[in-house]
K.L.:
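Got a structure for you, written out below as structure tokens; questions coming shortly.
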Amino acid sequence: MNVFTNAENLRQALKAQNDKKTIGFVPTMGALHRGHLSLVSTALSENDCAVVSIFVNPTQFDNASDLKKYPRTLDKDVALLETLQGSVFVYAPEADHLYNGAVVSRHFKYGAIAKEMEGKHRHGHFDGVGTVVSLLLKRVEPAKAYFGQKDFQQLQIVKKLVELEKLPVKIIGCPIVREENGLAMSSRNKRLSKEQFEAATVISKTLKEVKENFEKLSIPQLNALAKKRFDESKLIELEYFEIANEATLKTAQRKIKGNTYRGFVAAFAGEVRLIDNMQL
Ligand code: AMP
């Protein structure tokens with residue numbers, strides 16, 4: 001496997017293959033799981049090669065302990081990527097190098113989509129995401145970049161970022177990959193105890209129940225149903241449950257014909273923050 005810490009070396013290696021080859025890019029923070037691998041497989045199927053970045057981005061964390069405890073497993077990650085068929089390049093930069101010495105966020109005018117949910121609850125998060133994604137896209141210069149719907153709001157933010165920065169890349173959203181018990185795969189799941197891992201199924205079960213009752217119940221009734229499910233859970237503490245318009249991400253108070261909606265959850269299992277969402 002080709003692992004690069006320096007963007008110049010990565011670019012030379014990519015150029016050495018053939019200038020006309022298309023690159024599919026998958027930015028990650030490592031501790032890879034099947035969710036990440038599904039993005040890389042899609043990138044490989046639609047391009048001549050894939051670049052996977054592995055970088056725990058300090059500027060998108062609003063919680064120092066979360067950043068410190070974020071799992072870092074580069075050797076394992078590389079071994080997992082080696083199981084895939086195709087040409088994969090790993091880009092694992094140092095923060096100072098990627099950020100040219102100043103590890104700080106830029107500020108982006110994403111508009112209303114950044115003010116909802118994660119934007120409200122994680123101060124500065126999307127500025128950190130935008131800063132790192134913009135730096136990475138400029139270094140890697142992919143034709144397409146792949147992002148999971150697991151972070152649905154982030155996917156919308158990245159689409160907006162590319163528009164704002166006029167970056168010549170197509171952003172592709174990929175479906176959520178789940179554990180057998182329904183829990184959305186996440187690098188943070190590695191920090192859950194066995195009991196928390198089981199209890200956390202309340203997140204996907206509630207989203208599914210809301211989806212099944214979406215036609216029948218009103219939005220306030222669905223919100224109450226979700227809140228009740230989390231109140232019943234001893235190990236999982238709800239931060240927010242929201243039904244939002246899929247296009248604007250604005251909280252929905254009632255259903256309007258022609259609009260599509262998604263349920264969004266952020267919840268804590270002890271110190272570990274988990275998010276998930278589902279189209280309704
Ligand atoms: P992360 O390493 O958590 O920053 O995630 C890197 C990329 O993988 C992001 O685009 C995520 O949305 C995506 N991703 C993470 N978990 C999943 C999952 N369970 N299913 C699909 N995509 C995922």
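Since the model is a prediction, treat every value here as computed from it, not as a measurement. Start at 1 with the first residue, then count along the sequence. Order of listing sets the numbers, starting from 1, for every ligand and every atom in it. Note that these values count all heavy atoms, side chains included, but never hydrogens, waters or copies made by symmetry.
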K.L.:
State, without any angle test, whether H107 and D127 hold a side-chain donor-acceptor pair at a distance under 3.5 Å.
P.N.:
yes

K.L.:
Is D66 salt-bridged to R191, going by a charged N under 4.0 Å from an acidic O?
P.N.:
yes

K.L.:
Which atoms of ligand 1 sit under 4.0 Å from any heavy atom of M185?
P.N.:
16 (N), 17 (C), 18 (C), 19 (N)

K.L.:
Identify the closest protein heavy atom to atom 15 (C) of ligand 1: which residue and atom is it, and at what distance?
P.N.:
H33 CE1, 3.9 Å

K.L.:
Please state whether A31 comes within less than 4.0 angstrom of ligand 1, counting heavy atoms only.
P.N.:
no

K.L.:
Are any side-chain N or O atoms of Q153 and backbone N or O atoms of I113, one a donor and one an acceptor, separated by less than 3.5 Å?
P.N.:
yes

K.L.:
So which protein heavy atom does atom 23 (C) of ligand 1 come closest to, and at what separation?
P.N.:
K150 CB, 3.9 Å

K.L.:
In ligand 1, which numbered atoms sit nearer than 4.0 Å to a non-hydrogen atom of I176?
P.N.:
20 (N), 21 (C)

K.L.:
We want to know whether T206 and E209 form a side-chain donor-acceptor pair, criterion being a heavy-atom distance below 3.5 angstrom.
P.N.:
no

K.L.:
Quick test: of every protein heavy atom, which one is nearest to atom 12 (O) of ligand 1, and how far off is it to 0.1 Å?
P.N.:
D151 OD2, 2.6 Å

K.L.:
Can you confirm whether R72 sits close enough to L74 that some side-chain heavy atom of one is under 4.5 Å from a side-chain heavy atom of the other?
P.N.:
no

K.L.:
Using the rule ring-ring contact (aromatic ring centres under 6.0 Å, His included), only one of F264, F126, Y240 pairs with H121; which is it?
P.N.:
Y240

K.L.:
Would you say that F89 contacts I23 through its side chain, given a criterion of any heavy-atom pair below 4.5 Å between the two side chains?
P.N.:
no

K.L.:
Does some non-hydrogen atom of P175 fall short of 4.0 Å from ligand 1?
P.N.:
yes

K.L.:
Quick check on contacts: which atoms of ligand 1 are under 4.0 angstrom from a heavy atom of Y70?
P.N.:
3 (O)

K.L.:
Show me which atoms of ligand 1 lie under 4.0 Å from any heavy atom of V177.
P.N.:
18 (C), 19 (N), 20 (N), 21 (C)

K.L.:
Ignoring angles and geometry beyond distance, decide whether H36 reaches within less than 3.5 Å of ligand 1 through its nitrogen or oxygen atoms.
P.N.:
yes

K.L.:
Going by the atom numbers of ligand 1, which of them fall below 4.0 Å from some non-hydrogen atom of F147?
P.N.:
10 (O)

K.L.:
R262 and salt bridge (charged side-chain N to carboxylate O under 4.0 Å, His left out): which single residue from E116, E246, E242 fits?
P.N.:
E246

K.L.:
Strictly under 4.0 Å, does any heavy atom of F152 approach an atom of ligand 1?
P.N.:
no

K.L.:
Does R34 come within less than 4.0 Å of ligand 1, judged by its heavy atoms?
P.N.:
no

K.L.:
Any side-chain heavy atom of Y91 sitting closer than 4.5 Å to one from V3?
P.N.:
no

K.L.:
Among all protein heavy atoms in this structure, tell me which lies nearest to atom 10 (O) of ligand 1, with the distance rounded to 0.1 Å.
P.N.:
G148 N, 2.9 Å

K.L.:
Less than 6.0 angstrom from the centroid, inside 45 degrees of the normal: does R188 satisfy that with respect to the ring of Y70?
P.N.:
no

K.L.:
Can you list the atoms of ligand 1 that are under 4.0 Å from a heavy atom of L39?
P.N.:
7 (C), 8 (O), 10 (O), 13 (C), 22 (N)

K.L.:
Tell me which part of P27 gets within contact of ligand 1: side chain, backbone, both or neither, using heavy atoms under 4.0 Å.
P.N.:
backbone

K.L.:
Do E165 and K160 meet the salt-bridge criterion of a basic N to acidic O distance under 4.0 Å?
P.N.:
no

K.L.:
Provide the number and element of each atom of ligand 1 under 4.0 Å from a heavy atom of M29.
P.N.:
1 (P), 2 (O), 4 (O)

